[in-house]
2 protein chains.
Amino acid sequence: MSKPTIQDVAQKAGVGVGTVSRVLNNHPSVRDSTRAKILKAMESLNYTPNPHARRIAGGRSYTVSVMLPMVAAEFYIRLLTSIEETLGEQRYDAAIFPMLGRERLERYLESHTMPYQADGIIQITYNLAVLFPDGRMPTEQPVVLVDGKTDLYDCTYVDNYHGGLVAAEYTCQAPGEIYLVSFDDENDPDAIFKSLVFADRIHGFQEGVSRAGRSIKDTYFCGLQYHEGLAITKQIYDHAQFPITIFAGADILGRPMIDEAKSRGLILGQDVRIIGFDNQPWAAEIGLTTLHQPVEEMGAKAAHLLLERLSGFEGPPRQFCYQPFLIERASSLKSIPVI
Amino acid sequence: MSKPTIQDVAQKAGVGVGTVSRVLNNHPSVRDSTRAKILKAMESLNYTPNPHARRIAGGRSYTVSVMLPMVAAEFYIRLLTSIEETLGEQRYDAAIFPMLGRERLERYLESHTMPYQADGIIQITYNLAVLFPDGRMPTEQPVVLVDGKTDLYDCTYVDNYHGGLVAAEYTCQAPGEIYLVSFDDENDPDAIFKSLVFADRIHGFQEGVSRAGRSIKDTYFCGLQYHEGLAITKQIYDHAQFPITIFAGADILGRPMIDEAKSRGLILGQDVRIIGFDNQPWAAEIGLTTLHQPVEEMGAKAAHLLLERLSGFEGPPRQFCYQPFLIERASSLKSIPVI
DNA sequence: CTGTTAGCGCCTTCAT
DNA sequence: ATGAAGGCGCTAACAG
């Protein structure tokens with residue numbers, strides 16, 4: 001009554017274990033008819049290969065570790081989903097390691113822990129390699145970084161600087177005060193996680209505003225939570241001289257700006273223009289103008305890069321940069337009423 | 001240059017592999033001196049056992065699957081952390097499976113997927129077993145449920161009904177309208193995840209209010225997000241006849257009630273009394289009266305229960321119930337100013 | 001193309 | 001108490 005093994009399948013299909021193994025690893029040299037026969041046997045036995053045995057025998061377990069800051073932020077869910085789908089195409093599974101904080105990260109870092117037991121590692125947003133003395137992960141496994149740039153490993157990322165620039169150009173099409181609200185971990189000495197994602201957006205925006213000969217009235221930083229964005233929004237609305245334009249470094253911070261504007265009877269696109277970043281699935285619903293980033297493409301590409309490494313590719317690190325683009329919606333459009 | 005094996009250790013220590021294996025599984029019958037010798041060899045070789053090999057040979061991988069709705073909600077982070085710590089005491093690791101939604105859950109459910117490759121399963125909040133025709137997980141592994149009650153498996157949970165009751169009693173100590181705002185998945189036919197956590201809180205509260213001969217003016221349901229709580233809060237404050245008391249089924253919903261009250265100049269503990277549920281780490285900061293639940297204890301207990309099963313315990317399912325208790329803070333106290 | 005066989009790293013008897 | 005040997009489920013040659 002225990003799980004069926006490759007032996008059972010071989011017997012049931014009337015072939016040798018070697019052949020079964022071949023179809024498992026879809027080796028080309030197997031006659032279609034026998035392949036079918038074996039597949040049928042696996043089906044009827046409800047057989048699935050034991051990844052531990054595969055790992056120990058063949059040196060690979062068909063799992064890859066995905067290390068990310070957290071799960072539940074929509075951005076990461078989307079990324080994760082696209083990565084898993086792509087890995088699935090080659091029958092790979094993802095083992096998820098949410099770091100969440102310094103303590104957990106440190107546990108995961110030690111070279112004998114779970115993340116290193118997989119065939120490869122995908123890191124999201126944070127390039128953990130920089131935490132090591134030599135700037136490399138303490139492993140021979142292929143590593144790829146998503147949503148971050150590095151010269152040492154394959155990576156896929158968004159040109160956040162450019163996104164900030166575009167936001168600035170659009171901002172400067174209208175008169176009035178300009179505000180910037182964003183998350184920033186760049187200057188937090190205690191932040192073990194660091195990325196340039198937000199810093200780049202900010203710098204791009206600053207550069208763009210200054211190129212247009214304008215200037216930013218005020219800049220605020222806060223965490224990526226609705227209530228934090230709301231608190232800052234109130235400050236801004238309390239003292240601003242309308243019209244104003246606010247660039248929120250993330251959609252989640254743009255959301256309270258819309259809500260609070262409505263609460264106060266401010267007219268969106270006229271008194272207040274709001275620009276987000278991310279184009280979250282709900283951004284359309286609330287009419288938030290924002291910079292779209294191709295999250296799914298980025299994740300899928302990263303997974304592909306890793307799969308290539310896992311099938312033996314040995315070239316130098318490859319970098320893929322995606323350009324975000326502006327999607328104009330009611331939060332910044334005159335005369336189109338917000339639903 | 002590859003990783004050292006048990007062979008290397010045995011050789012270096014001048015013993016047989018069997019003995020090394022014994023110290024690995026701390027078997028009693030090993031002389032202290034040889035044990036020390038072997039430990040030293042392992043140390044100098046920087047040896048760590050290959051979990052896949054252990055799994056395949058010994059039938060256990062020293063990992064347990066933790067299946068939870070999501071990560072990033074503080075409740076789950078705390079639970080997860082306590083579980084991992086406890087498992088770690090016995091050298092077990094946790095593999096994390098955030099379900100996040102129907103699609104991912106369904107993938108995980110199939111009996112050949114990753115969650116079933118571990119030695120045991122801890123399920124949080126949602127008793128996935130009910131999704132199967134026979135009401136049991138399709139596996140022989142021990143299962144324990146945290147934050148939910150079941151008769152089939154070991155479980156640890158909070159008496160949410162009692163919590164609701166206590167909240168109601170406290171609520172009814174003051175006059176005025178009574179409101180209830182909570183999350184509820186009970187009546188959502190599409191919700192694949194279901195739990196009685198919130199339903200119990202609600203029922204307990206309703207019962208308590210009615211016992212006191214009072215009645216609930218209005219009940220609202222929404223998702224567990226700040227902005228949703230805020231929207232409802234505004235509705236309530238717009239139409240309420242103060243003083244009022246609001247019971248929020250979760251701290252995260254109580255938070256906007258405090259913020260909005262301040263915004264409107266309502267006096268907490270006088271015009272508006274707010275009671276949350278959870279006692280999140282930040283509840284003290286914002287002065288939120290709430291029902292404390294012993295999250296860490298619950299997680300640690302669950303992990304222990306599983307570890308016992310993993311070491312061979314075979315008794316009938318055990319249930320551990322924790323009683324939440326009220327912590328009174330500024331959001332419901334007269335004359336103590338909220339900071 | 002396919003059956004056979006030797007390991008992969010470790011645990012578990014069975015002797016000693 | 002400890003060494004030797006068989007086997008866990010699978011992959012990877014090696015013969016046919």
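Lettering of chains follows the sequences in order, A, B, ..., and the numbering in each one begins at 1. Every heavy atom of this structure was used, including side-chain atoms; hydrogens, water molecules and symmetry mates were not.
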- [ ] Identify whether any heavy atom of B/V20 sits under 4.0 Å from a base atom; if not, whether one sits that close to sugar-phosphate; answer base, sugar-phosphate or nothing.
- [x] nothing
Open item on the list: Without decimals, in angstroms, what is the distance between B/N50 CG and D/dC10 C1'?
Closed with: 14 Å
TODO: Choose from D/dT2, D/dC10, C/dC10 the nucleotide whose nearest atom is closest to any side-chain atom of B/R54.
DONE: C/dC10
Open item on the list: How close do B/P69 and B/Y126 get, counting heavy atoms only, and between which atoms?
Closed with: CG-CE1, 3.3 Å
TODO: First locate atom NZ of B/K301, then atom SG of B/C155, and finally report the distance between them rounded to the nearest 0.5 Å.
DONE: 12.0 Å
Open item on the list: Please confirm whether the shortest side-chain N or O distance from B/Y62 to OP1 or OP2 of C/dC10 is below 4.0 Å.
Closed with: no
TODO: May I ask you to say what A/R22 touches in the nucleic acid, namely base, sugar-phosphate or nothing, with a heavy-atom cut-off under 4.0 Å?
DONE: base
- [ ] Using heavy atoms and a sub-4.0 Å distance, could you list which residues of residues 26-42 of chain A are near DNA chain C? By number, please.
- [x] A/S29, A/V30, A/R31, A/T34
Open item on the list: On DNA chain D, compare the nucleotides closest to B/V17 and B/I56; which residue's is nearer the 5' end?
Closed with: B/V17
TODO: First locate atom CD1 of A/I96, then atom CD1 of B/I96, and finally report the distance between them rounded to the nearest 0.5 Å.
DONE: 8.5 Å
- [ ] Output yes when a side-chain donor or acceptor of B/R318 lies under 3.5 Å from a complementary backbone atom of B/T156, and no otherwise.
- [x] no
Open item on the list: Starting the side chain at C-beta, find the nucleotide from D/dG7, D/dG9, D/dC14 nearest to A/A53.
Closed with: D/dG9
- [ ] Compute the bend angle of the helix from C/dC1-D/dG16 to C/dT16-D/dA1 from the end axes (five pairs per end), rounded to 10°.
- [x] 40°
TODO: Could you grab the distance from atom CG of A/L145 to atom CD1 of A/I122, nearest 0.5 Å is fine?
DONE: 10.5 Å
Task: Salt bridge flag under 4.0 Å for residues A/R54 and A/D119 - done: no
TODO: Check the distance between D/dT11's C1' and B/H52's NE2 and give it to me in whole angstrom.
DONE: 15 Å
TODO: Round to the nearest Å and state the distance from A/L45 atom CG to D/dC10 atom P.
DONE: 11 Å
Open item on the list: What is the distance, to the nearest angstrom, from the CD atom on A/Q7 to the P atom on D/dG7?
Closed with: 12 Å
Task: Closest listed nucleotide, where the reference is the side chain of B/T19 and the choices are D/dG3, C/dC10, D/dT11 - done: D/dG3
Task: Minimum-distance nucleotide to A/T5 side chain [options: D/dC10, C/dC11, C/dC14] - done: D/dC10
